[in-house]
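The next block holds one structure in the form of structure tokens; read it before the comments.
A quick note: this is a predicted structure, and the numbers were derived from the prediction, not measured.
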Amino acid sequence: MSTYRTIVVGTDGSDSSLRAVDRAAMIAAQEGAKLIVASAHQPVAEKGGWSRPPSPDHVVDTRAEDSLKREGYRMHGAAPVYEILQTARDRAKAAGASDIVERAIEGAPVEALVKLAKEVDADLIVVGDIGLNSVAGRLLGSVPADVARRVRVDILIVHTAD
């Protein structure tokens, strides 16, 4: 019987986060676990305009605005969050994972990972260590430290810095 059944790994597309994906995929392959590769993104504009300027993750298609509302960006397969997820999926597959699910989650990275882990009843969350040992990370918090404080499942913090 395997220890882990559902593993969640977060990625922002950076080299360091993709190293965490590689490690999560190796564990998923060894355990026969489902690997959920997640990437957080900010919400798209509602009808009536932006509450803040759009980030590069936002793809707005006015033809879809009325019928699709906040989901309009999904009709663009090239939206950055989906490219990030596809790259992560390819890396996970190359590392041996076979049951891979991609999830684009609206919100900030920490909240997105915590929400997803609870939603899918994850046994393990894998994150990279970027920000963990930085001055900014100690003062403002880092994704690995903040996630670890907010969930009650195993967390693997992968050393990803060069």
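In plain terms, the two heavy atoms of Ala95 and Met26 that are nearest each other are O-CG, 3.9 Å. Pairing each heavy atom of Gly128 with each of Ala20, the nearest pair is N-CB, 3.8 Å. Considering all non-hydrogen atoms of both residues, Ala122 and Val8 come closest at CB-CG2, 3.7 Å. Taking each heavy atom of Ala88 and Val21 in turn, the nearest pair found is O-CG1, 3.5 Å. Heavy-atom minimum distance, Gly107 versus Ala40: O-CB, 3.3 Å. Annotation for Leu85 and Ala38: closest pair CD2-C, 3.9 Å, computed over non-hydrogen atoms.
In this structure, NZ in Lys34 is found 11.0 Å from CG in Asp123, a value given to the nearest 0.5 Å. For the atom pair Thr3 OG1 and Gln30 CD, the distance stands at 10.5 Å (nearest 0.5 Å). In this structure, CZ in Arg150 is found 11.0 Å from CD1 in Ile155, a value given to the nearest 0.5 Å. Interatomic distance, Arg103 CZ to Lys115 NZ, rounded to the nearest 0.5 Å: 8.0 Å. To the nearest 0.5 angstrom, Arg89 atom CZ is 5.0 Å from Ile100 atom CD1. Between the CD1 atom of Ile7 and the CD1 atom of Ile125 there is a distance of 11.0 Å, given to the nearest 0.5 Å.
Of the listed residues (Val158, Leu113, Leu156), just one forms a side-chain contact (heavy atoms from CB on, under 4.5 Å) with Val127, and that residue is Leu113.
A salt bridge links Arg149 with Asp146: the closest approach of a Lys/Arg side-chain nitrogen to an acidic carboxylate oxygen falls below 4.0 angstrom.
Put simply, the side chain of Val9 reaches to within 4.5 Å of the side chain of Leu35, judged on heavy atoms.
Side-chain atoms of Thr11 do not come within 3.5 Å of backbone N or O of Ser39 as any donor-acceptor pair.
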